[in-house]
Each structure stands twice: as structure tokens, then as C-alpha cells.
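First comes the structure, then the notes that go with it.
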Protein chains: 2
Amino acid sequence: MHTIGQPFDTLFIVHSGFLKTVLIDEFGNEQVLSFPMKGDLFGVDGIHTKRYSSEAVALSNCDLILLPFKKFIQLGRTHAELEHAMYSVMSRELVREQGMVSMLGALSAEARVARFLVSLSERFADMGYSSKLFNLRMTRHEIGSYLGLTLETVSRTLSAFNEFGLITVDQRSIGIKDLDSLRTLRRLPPSSARSKQASKKAREAAALSRNGVTDNDGDLQVAAV
Amino acid sequence: MHTIGQPFDTLFIVHSGFLKTVLIDEFGNEQVLSFPMKGDLFGVDGIHTKRYSSEAVALSNCDLILLPFKKFIQLGRTHAELEHAMYSVMSRELVREQGMVSMLGALSAEARVARFLVSLSERFADMGYSSKLFNLRMTRHEIGSYLGLTLETVSRTLSAFNEFGLITVDQRSIGIKDLDSLRTLRRLPPSSARSKQASKKAREAAALSRNGVTDNDGDLQVAAV
DNA sequence: CGGGCTATTGATTCCAGTCAATACTCGTGG
DNA sequence: CCACGAGTATTGACTGGAATCAATAGCCCG
């Protein structure tokens, strides 16, 4: 695999298993950036700086496909579709990270955990596993780091979802009970208003303060190449 | 330019001027993703989904270079360095967004605003403008959206930096007085301990709870292509 | 001048972080 | 086998930082 700062030369594709990629800040704290699993690509961040800026750690037995970057470039010379696939994958990563930024910037703890569960559920479904019942491969601490929350908040939120009938939780084992509510959740009713094992759906709290899209206020000069 | 959902066909390079790129969520709230300026590329998010997932808005008069994606791909066939440059730029964007994620996930409001100012200062320097005195092209609201803060918090933080002698603020005009402190700042002393126009540097609050890097706990199977 | 957008500042609320105690899981060795 | 300890998870009490609500002022442009 690779560690931070190591010279970049190869990309990685997950054939099977689960990993995390992490960034280590100037104080040694680690921040989880992604949880690659089957079909996911990582190591791309090394292309620009010639060194990996993040580090991958296996969370289970893993089977990886190594993709030496130079060799890949050569293949791209003769197989245009490969090249386009790479652009596409990198673009997808970019969009995914945009989603992360938008989530971290705007959503409550509950909404983040809900999204995380939905996303996991969908990814497991894509891989042919059950989307309704699965085991987390990562700790609460790692989930928290990924979502910009503390492990206690993650734990509490999962417990609240459980109380609320949206999921079942037993340690690492998660059962999805009400995917729709998880999908659309913004905020849970206050705990004072919760009844044990309540089965009614989470209502929208409809945050709002909506702003119309700002119009252009600058002129535009364009030139094609 | 382009709007969200519009079919993707061209990339954009900023020749001069300032823009913002925004994501619009399901309630119409806009989230600022970046502030492209001279030399920056945007529109890349469209490659994967064939549609732009974000939207660019000019914050001043702008001069853009259009780069039709198909034409670019053709040029790449004959000019290998172009192709590599594109990988590099996309990789750079990926690293930048990783930095955003890590910032939003871990840093205080003060640290975010400080980083934002340092980054602006460096980018202005790169463009040949003054790194010590410049005008913001965006509102407090847009800065807040970009940093995952409210406009009030941005305003208060700038005022605090001013009181503290780190910067001068007059509406959109920012003067950088103590770049080093901005660079290394984690947390300001409590306001009760502040004196007007204090000139002493912000000290490190040294957050810590450092975690060692977790070791692999999975076996690894690798295969080269 | 007046109206709309932008910015500053104050008062208050509340969500998530921190600190802390306890329990569950699992592997290791007496 | 059970005890022990380390890592992980749950839950409670409390705190604090940023959001929210609100009032005022500055700026720009018709």
C-alpha cells in the first residue's frame, strides 16, 4: 500500500475488502477521508504532488489491483476509452468530495449520520450484499472522523435512530428499517418528545432561510481555443 | 458559463476576474464550493455525470478561456504533456478538496477564517498582486457558505482578528498585518482577556489528543496489471 | 432621498464537544 | 477456565462555541 509522503507511482483499485484513507495533520491527528471498497480507486492524490498526500489502511483482508501510473499512461496512448475512464473516475471523486464539503458545511450531526448509513447501504447493494443488514467495518471513532463528529455523537445518534425505529443497532451490526426517513431526515424531534420504540416517521423540520440564486453581476469575456 | 444540470461539454479556465462555484441543495440553499481566479480550472465535475453538478457565477468582470472537452481529448492524442497536465490539475483539485474536508471537519471558526485569508493572500501574490492589502470580491455570506459558517460568525471573527492586530478590516478591504500568526492560529484567547489593539501574537492553544496512526489489521493481496 | 443589500454588534439559545463512568468484546496468559 | 487488560461502545452531566434572533448602521445606485 502506501504512506503519506511516499513517492507516487501507482494507483490502486479495490478488488475486495475494505479500507480507509486518512490524512495526518500537523499534530498527528488523523482525519478519515474515505472508505474505499470494491471497485473504488485510490492514490489519485499523488499525481499532482508526486507524493501521496494521504495514506490507506486496510480495515479487513483486502485484495488490491495495482496500477502503475506510467504503465497506465502508456496504455492510454493506444486505448482511448481507458483514458476517458480515468477522467471519469477522477471527476466522480471530485463530485463525491464536493458532496462531502457540502455535507460538512451545512448538515446537522443527525443528517450526516443518516446520509452515511444511506450511502453505505447503497454501496453494499451495488456490491451484491444486503442493503438492509450489514456490518460496519469501521469504529465509531473512524465514522466520527469521516463525518466531522466525535465518536460519542455518532454513538448517540445511532442510538437515537434506533429508539426512533429508523434502524436497529447492535455494536457493528446495522439493520436499516426506514430508508426513506434516513434519506430525507434533517433533524429529529427533541428527545423530550420521543417515546421508546416510537414507529412514526421522522418529520421534516424544514430548515430553510432559502436564498435565491444570486445573479451574475459581472460582464463576461470568453474565448475558445 | 454554465448552470447546474446543463449538459457538459466544455471546461473553463479563468484568464482574469473572479468567480464563485456553487452547489444548490434540494431546498434551494446555495453552498459555495470554490472561488476560481486567474489560472484556475472549473467545470471538471461535469465529466463524470455528463452534466454539470455545480454552477459558476461571476463576482467581477471575467475573461474566460473555453476548452471544449472533445477538442481537448483530441489534442491530448498528439500532445502527451497536455494529457498529463490535465491529470495533474484534476489531482490538485482533489487535494484541495481534501484540505477543505479536513478543515471543515476539524477546525474552529477562527482557524477557518485565518486559513481563508492566508490562502487568499497567497493566491493574490501568485497573481502578482499585493499579498498584504487586497479587496474581497465576495460577501460575508459567501465566505461563510464556503467555510461552513454563518455570515455573523465571519464578521465577528474578522473583527476579532482586527482587535488583535492580525489584520485590518474595512468592509471589503483587508490588510494582512501578521501572516505568521494567521498561519499557525488554532484559537484566540477568550474575549474577556483581550485588550483593544493588543499587538502580541496569538499563542498556540495546542489542541492535541493525538492518536498514533492505526496499524493495518488486515492481510493484503495485491496483483499488478 | 429612500430602499435594498451588506456589515457589525449584542443577546440568547442550543447542538455537539468534553469529561467521566460503566459496560461489552475479544484475545492472551496464568 | 477465568481473570485481566486493551480497545470499543454506550450513556450521563456539563460546557462552550457557533447559530439564531434582532437591532442598527454603512454603502450603493436609481
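Hydrogens, waters and symmetry mates play no part in the numbers below; they use all other heavy atoms, side chains included. So you know, we letter chains A, B, ... as the sequences are listed, proteins then strands, and number each from 1.
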C/dA16 phosphate, OP1 or OP2, under 4.0 Å from A/T153 side-chain N/O: no
First locate atom CG of A/L133, then atom NZ of A/K177, and finally report the distance between them rounded to the nearest 0.5 Å. 11.0 Å
When rounded to the nearest 0.5 angstrom, what is the spacing between CG in A/L158 and CG in A/L117? 6.0 Å
Roughly how many Å is it from CZ in A/F161 to P in D/dA9, rounded to a whole number? 17 Å
Please report the distance, rounded to the nearest Å, between CG in B/D170 and C1' in D/dC28. 15 Å
Protein-nucleotide distance (A/H141, atom NE2; D/dA6, atom P), rounded to Å: 18 Å
Parallel, tilted or perpendicular: which one describes the rings of B/F42 and B/F12, with boundaries at 30° and 60°? parallel
For A/L59 and D/dG7, what is the distance between atoms CG and P respectively, to the nearest whole Å? 17 Å
Of the options D/dA22, D/dA18, C/dT6, whose atoms approach the side-chain atoms of B/A109 most closely? D/dA18
Please check the phosphate of D/dG12 (OP1 and OP2 only) for any side-chain N or O of A/R156 closer than 4.0 Å. no
Could you walk me through whether B/Y129 and B/F134 pass the ring pair (Phe, Tyr, Trp, His ring centres under 6.0 Å) check? CA-CA 8 Å; B/Y129 297 142; B/F134 48 81; over 10 Å; no
Base, sugar-phosphate alone, or nothing: which one does B/G148 contact when heavy atoms must sit under 4.0 Å apart? sugar-phosphate
Atom of B/S53, atom of B/L23 and distance for their closest heavy-atom approach: O-CD1, 3.0 Å
Between the two ends of the helix from C/dC1-D/dG30 to C/dG30-D/dC1, what is the bend in degrees, rounded to 10 degrees, where each end axis spans five pairs? 30°
Describe the nucleic acid contact of B/T150 in one word from base, sugar-phosphate, nothing, applying a heavy-atom distance below 4.0 Å. base
Tell me: CD1 of B/I167 to P of C/dT8, nearest whole Å? 10 Å
Of all the choices, D/dA18, D/dT11, C/dT8, which nucleotide is nearest to the side chain of B/S159 once you look at every atom? C/dT8
Answer yes or no: is there a side-chain heavy-atom contact under 4.5 Å between B/M37 and B/R123? yes
Choosing from D/dA22, C/dT18, D/dA18, which nucleotide comes nearest the side chain of B/S108? D/dA18
Shortest side-chain distance from B/L149, nucleotide among C/dG17, C/dT6, D/dA19: D/dA19
Among the nucleotides D/dT20, D/dC27, D/dT10, which one has an atom lying closest to any side-chain atom of A/L151? D/dT10
Integer-rounded Å distance: D/dA18 P and B/L107 CG: 11 Å
Which heavy atom of A/V22 sits nearest to which heavy atom of A/E30, and what is that distance? CG1-OE2, 3.4 Å
Of the candidates C/dT8, D/dC21, D/dT10, the side chain of A/R140 sits closest to D/dT10
Reading DNA chain C from 5' onward, which residue's closest nucleotide shows up sooner: A/Q171 or B/V169? B/V169
How long is the line joining CD of B/E152 and P of D/dA23, in whole Å? 14 Å
Out of curiosity, A/L64 CG to A/L11 CG, how far, rounded to the nearest 0.5 Å? 12.0 Å
Between D/dT8 atom C1' and A/L136 atom CG, what is the distance in whole Å? 13 Å
